[in-house]
Amino acid sequence: MTHDSGFELWLHRDIVLNNNLANNAASLSTTADADLELLRRVAGKDRDAFETLYYQYYRRVVQFVFRFCRNETLAEEVVNDTLFTVWQDAARFEARSRVSTWIFGIAYRKAIKAIQRYQAPVQESVDEPDLSDVEQPDSVLSQQQTQDWLQSGLDQLSPEHRSVVELSYYHGYAYHEIAEIVDCPVNTVKTRMFHARKKLKKILPVLNDATNSSHVSKR
Amino acid sequence: MKQDTSMPNSVHQETWELLPWYINNTLEFSLREQVDQHLEECHACRKELEEQKQLAQAVHQADQLNLSPQQSFAKLMQRIDVSEQTTTTATSPSFSLLNYLSTLWGHLQHTPSMARWLLAAQTLAIVLLLGHVMLVSDPLVDNAANYVTLSNDKPSAMARGHLRVVFSDNSSEQDIRKLLTGVNARIVDGPSTSGVYTLAVSQSHAASREELVALSKQLRSHHTVQFAEPVFALQP
């Protein structure tokens, strides 16, 4: 990869990220009505509507839960538990929030319970994560390396802190929606995000290196 | 110059807290403007914004998960079937009859004495008649028939269960036909939008639970089949 192309790649990634996040926000609002219509049909035990809803949420919910437990089988179990509850309780949905917020709220509660059932609880360290023993990168990080670094940082967080990062940065939820999903006050969401950011500061120099090396080589 | 990120400035602190939702474009307009304005004058927040964008970028790169939604969906539908069969059993005729008698008793208590006896006699006759109908017809009722879908033209042939199958994408119609002929099964429903087919076993007798489990194993071992699970109706 040439220096120029590395720089352009970074610029492109930045633009793509901004576009993705903006598109996510836009598409979330435009699909809200369609989701509500689907859920109404599911409440009437319409299996075709349920199948459509299932496929719309499957990947997103698996991804969300997988980041909690790092176990695909468990993540798929939680997704089916979640959608089973959706099938049974669809008629009780009162449309006070978006359908997706409701479904993610169910998934969040199921995921927390599943983790407690199958795994030792994640011990959140009081200090910032100690990542000093991880090999420092000396060149542009591959996507896999960046993911490994990110995961080692996220692993240091409690599920509650991690979920706020995921719901904001991967799923594009507003803080008041996250408060609904994880069932806590809005200020708690902001505080959790604040602490998560502080703890993840350790990995940011690595992410920085990955991008700065492109910037530096451009000059 | 090192800037203190915990400076006692409420606008600064608020902006600092809101940056993640500024990045994901979910802030309401007035707050977004406030953040924009503060960013123009605060180097620390601009630096933090860049760092958080990098973090968001890293989080946004999804893990490459090896997912099979078709199989998961088929498993969930099987669970739903079992759950709904159980619900149907809970509201079986004997329960309904008890409710009916209980309601009748309530009405009887509010009727004149003569009418009460006449109604009681009539009710007894109805109960005896119902009991007779249930006793005579019970052995003939196949509970599985309650769960046969409307699209099945021969409910009795469904016996006590059927199979849900997902064929691999590259299997030809000829392969599938050959496979189904070999195991004496036929497609009675599907494909659903996710490609799930429902199979019935064409046998002279009702396929037992063990036979269906064995058959689903046999089907799974075939190269054209991605997923196969028996769907059991409730045993009478």
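To find a chain, count down the sequence lines: A is the first, B the second, and so on, and within it residues start at 1.
Contact count against chain B (heavy-atom pairs under 4.5 Å) is highest for A/Lys190 among A/Lys190, A/Lys45, A/His176.
For B/Gln70, the parts lying near chain A are the backbone and the side chain together; criterion is any non-hydrogen pair under 4.5 Å. Proximity to chain B involves both the backbone and the side chain of A/Phe84, based on heavy atoms less than 4.5 angstrom apart. A/Glu77 does not touch chain B: none of its heavy atoms, backbone or side chain, sits under 4.5 Å away.
A distance of 10.5 Å separates OH of A/Tyr54 from CE of B/Met77, quoted to the nearest 0.5 Å. Summarising the geometry, atom OG1 belonging to B/Thr26 is positioned 7.5 Å from atom CD1 belonging to A/Ile178; distances are rounded to the nearest 0.5 Å. Atom OH in A/Tyr58 sits 5.0 Å away from atom OG in B/Ser68 (nearest 0.5 Å). To the nearest 0.5 Å, atom OG of residue B/Ser83 and atom CH2 of residue A/Trp87 are 9.5 Å apart. Note that CG of A/Asn80 is 4.5 Å distant from CG of B/Leu76, once rounded to the nearest 0.5 Å. Rounding to the nearest 0.5 Å places CG of B/Leu55 at 10.0 Å from OG of A/Ser168.
Heavy-atom contacts from other residues, nucleotides or ligands closer than 6.0 Å to CD of B/Glu173 number 12 or fewer. Crowding of B/Glu28 atom CD: a count of heavy atoms from other residues, nucleotides or ligands under 6.0 Å exceeding 12.
In this structure the side chain of B/His60 never reaches within 4.5 angstrom of the side chain of A/Tyr169, judged on heavy atoms. Residues A/Gln88 and B/Ile80 fail the side-chain proximity criterion, which asks for heavy atoms closer than 4.5 Å.
In this structure, B/Trp21 and A/Tyr175 have perpendicular ring planes: the angle between them is above 60°, well past the 30° mark.
The pair A/Arg47-B/Glu84 counts as a salt bridge, with a side-chain nitrogen and a carboxylate oxygen less than 4.0 angstrom apart. Under a 4.0 Å N-O distance rule, the pair B/Glu51/A/Arg197 does not qualify as a salt bridge.
For A/Phe104, the ring-ring contact (aromatic ring centres under 6.0 Å, His included) partners are A/Phe64, A/His171, A/Tyr173, not counting sequence neighbours. Residues satisfying the side-chain hydrogen bond (donor to acceptor under 3.5 Å, both in side chains) test with A/Glu180, not counting sequence neighbours, are A/Ser97.
Listed here is the closest heavy atom pair of A/Asp81 and B/Arg79: OD1-NH1, 2.8 Å.
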